[in-house]
Trainee: 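After the structure tokens below, expect a handful of questions from me.
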Amino acid sequence: MMLSPHATHIDLPALIRLQADARALKLPAARPVRSQQAGLQRSPQRGRGMAFAEVRQYQPGDDIRSIDWRVTARRQAPHTKLYEEERERPVLLLCDLGPTLFFASTGAYKQVRCAQMAGILSWLALWSGDQVGGIVFNGRELTVQRPARRKKSVLQLLDTLAKQQRLPDNPQAPDVRATALTANLDTALGEARRVAHTGSRIFVISDFLNLTADTPRLLGALARHNAVSALRIADPLELELPDSGRFAVAGEEGPVWFDAGNPAFQQAWHDKVAHHEADLADCFRTGGVRPATVMTGDEPAIVLQSLLGPRGRIG
């Protein structure tokens with residue numbers, strides 16, 4: 001199946017126009033939104049919460065649940081933690097535009113869906129008064145943008161997303177294999193731990209096809225002090241082969257043909273998919289992150305509406 005050019009790459013003007021989709025997500029729904037898919041938030045009514053401010057000596061009337069027992073033991077006098085309402089919350093988007101995302105059998109390429117999801121989330125976060133930042137990586141380069149509460153920052157992030165996508169006329173850049181290990185998912189997770197402030201809202205948008213033994217540990221370290229969600233971009237052909245037919249996929253040395261009707265090939269494919277799905281589920285469980293899957297045939301705004309709720313709450 002051939003995809004139209006606009007489904008293989010998305011430019012900056014198109015990412016800016018996603019403001020309309022983000023604006024629609026913030027409108028009250030006419031009726032409750034129901035979905036079989038697990039949401040990314042614990043409750044649609046969840047507020048921003050409270051941020052730690054300071055510790056002072058306990059005073060009559062203080063909530064005993066806020067007593068800081070370590071400080072109390074050290075100073076031999078009751079001390080309590082004081083909190084203040086969070087005014088803004090950093091939102092960090094990890095956007096994978098690596099070689100495996102230059103693919104789709106339906107809808108739009110995975111790299112396009114990644115950029116669209118990141119674009120909508122960026123606008124939602126900005127309009128919620130949050131700081132927005134991102135880490136964009138494509139195998140050859142990795143760009144870090146620290147969270148800031150400015151429209152200019154969102155535009156810079158969207159511009160990076162547009163520029164770092166792979167182009168249809170040059171799908172295999174010559175330096176991809178040589179430098180892939182310097183700008184992959186694990187590297188981005190390590191950078192996120194350095195950049196993210198405690199209590200950040202972090203979205204990891206990737207196809208998660210290149211898991212390593214370190215990925216669960218890196219995710220877990222990030223999730224220990226932040227709310228981390230994994231948005232997995234997947235294509236139907238990656239999960240299940242057709243019953244029959246000959247197909248060609250892009251390879252490092254050119255097109256690779258396979259026969260979906262070959263029983264041995266079907267079994268090998270099924271075993272590989274099952275093994276990866278088990279590894280991925282274990283990775284998310286061990287890392288303590290909340291996963292959701294976005295298919296290449298899905299419309300990002302519709303998916304996010306079911307995940308975030310009718311008012312588009314991120315925090």
Trainee: Can you confirm whether R194 is buried at CZ, in the sense that more than 12 heavy atoms of other residues, nucleotides or ligands lie under 6.0 Å from that atom?
Mentor: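 Atom CZ in R194 is packed in, count exceeds 12.
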
Trainee: Looking at T212 and D214, would you say the former's side chain and the latter's main chain have a donor-acceptor pair under 3.5 Å?
Mentor: yes

Trainee: Are L126 and L155 connected into the same hydrophobic cluster when the rule is that any two of I, L, V, M, F, W, Y join if their side-chain heavy atoms are below 4.5 Å apart?
Mentor: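 Yes, one cluster joins them.
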
Trainee: So how far is it from N210 CG to H276 NE2, rounded to the nearest 0.5 Å?
Mentor: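 That separation rounds to 8.5 Å.
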
Trainee: Could you state whether L239 and L237 fall into the same hydrophobic cluster, counting links through intermediate Ile, Leu, Val, Met, Phe, Trp or Tyr residues with side-chain heavy atoms under 4.5 angstrom apart?
Mentor: no

Trainee: With no hydrogens and no angle check, is any side-chain donor or acceptor of N226 less than 3.5 Å from a backbone partner on G199?
Mentor: yes

Trainee: Looking at L97, is its backbone amide N or carbonyl O close enough to the side chain of N138 to form a donor-acceptor pair, meaning the two atoms are under 3.5 Å apart?
Mentor: no

Trainee: Determine, using the 4.5 Å side-chain heavy-atom cutoff (strictly less than), whether L121 and I302 are members of one ILVMFWY cluster.
Mentor: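 Each belongs to a different hydrophobic cluster.
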
Trainee: Got a sec, which pairs hit side chain to side chain donor-acceptor pair (under 3.5 Å) with one end in residues 240-249, sequence neighbours left out?
Mentor: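 Found none.
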
Trainee: Linking directly or through intermediates, with side-chain heavy atoms under 4.5 Å: list the remaining ILVMFWY members grouped with L101, chain and number order.
Mentor: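 Once heavy-atom contacts under 4.5 Å are chained together, L101 still belongs with nothing else.
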
Trainee: Enter the distance from D235:CG to S105:OG here, rounded to the nearest 0.5 Å.
Mentor: 3.5 Å

Trainee: Name all residues meeting the side-chain contact (heavy atoms from CB on, under 4.5 Å) criterion together with V71; count only those two or more places apart in sequence or in a different chain, and write none if there are none.
Mentor: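 For V71, the residues satisfying side-chain contact (heavy atoms from CB on, under 4.5 Å) (neighbours in sequence not counted) are V55, D68, R74, R75, H79.
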
Trainee: Any chance you could measure Q57, atom CD, to T72, atom OG1, to the nearest 0.5 Å?
Mentor: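 That separation rounds to 9.0 Å.
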
Trainee: Has Q266 got a side-chain atom pairing as donor or acceptor with A260's backbone, closer than 3.5 angstrom?
Mentor: yes

Trainee: Minimum heavy-atom separation for S122 to L157, with atom names?
Mentor: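 Reported closest heavy-atom pair: OG-CD2, 3.5 Å.
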
Trainee: Please check: side-chain N/O of Q19 versus main-chain N/O of I16, any donor-acceptor pairing under 3.5 Å?
Mentor: yes

Trainee: Output yes when a side-chain donor or acceptor of Q111 lies under 3.5 Å from a complementary backbone atom of G98, and no otherwise.
Mentor: no

Trainee: If you measure only the distance, is there a donor-acceptor pair under 3.5 Å linking the side chains of D271 and H275?
Mentor: no

Trainee: So, does E141 use its side chain to make a donor-acceptor pair with the main chain of Q164 at under 3.5 Å?
Mentor: no

Trainee: Do T106 and P236 have side chains that get closer than 4.5 Å, going by heavy atoms?
Mentor: yes

Trainee: Verify whether one side chain among T160 and Q145 offers a donor that lies under 3.5 Å from an acceptor in the other.
Mentor: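 No donor-acceptor contact under 3.5 Å links the two side chains.
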
Trainee: Going by distance alone, is a donor N or O of one side chain under 3.5 Å from an acceptor N or O of the other, for R146 and S153?
Mentor: no

Trainee: Ignoring hydrogens and geometry, is there a side-chain-to-backbone donor-acceptor pair from Q165 to L161 under 3.5 Å?
Mentor: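 Present.
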
Trainee: I'd like to know whether CZ of R193 has more than 12 heavy-atom contacts from other residues, nucleotides or ligands below 6.0 angstrom.
Mentor: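 Count not over threshold, so no.
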
Trainee: Taking D298 for the side chain and M295 for the main chain, is one N or O donor matched with an acceptor at less than 3.5 Å?
Mentor: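 Yes: the side chain of D298 pairs with the backbone of M295.
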
Trainee: Apply side chain to side chain donor-acceptor pair (under 3.5 Å) to S200 and list each qualifying residue two or more places apart in sequence or on a separate chain.
Mentor: none

Trainee: Any chance you could measure R150, atom CZ, to Q131, atom CD, to the nearest 0.5 Å?
Mentor: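 CD of Q131 is found 9.5 Å from CZ of R150.
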
Trainee: Would you say R113's side chain and T296's backbone share a donor-acceptor pair under 3.5 angstrom?
Mentor: yes

Trainee: Check K110 with E238, please: is the shortest side-chain N to carboxylate O separation under 4.0 Å?
Mentor: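 Yes.
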
Trainee: Please report the interatomic distance CD1(I120) to CG(L304), rounded to the nearest 0.5 Å.
Mentor: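 If we round to the nearest 0.5 Å, I120:CD1 and L304:CG are 5.5 Å apart.
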
Trainee: May I ask you to list the residues sharing a hydrophobic cluster with F208, side-chain cutoff 4.5 Å, ordered by chain and number?
Mentor: L92, L94, I135, F137, L142, V144, L185, L189, V195, I202, V204, L211, L218, L219, L222, V228, L280, F284, V289

Trainee: Can you list the residues that meet the ring-ring contact (aromatic ring centres under 6.0 Å, His included) rule with Y58, with sequence neighbours excluded?
Mentor: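 Partners of Y58 by the ring-ring contact (aromatic ring centres under 6.0 Å, His included) criterion come out as none, since no residue qualifies.
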
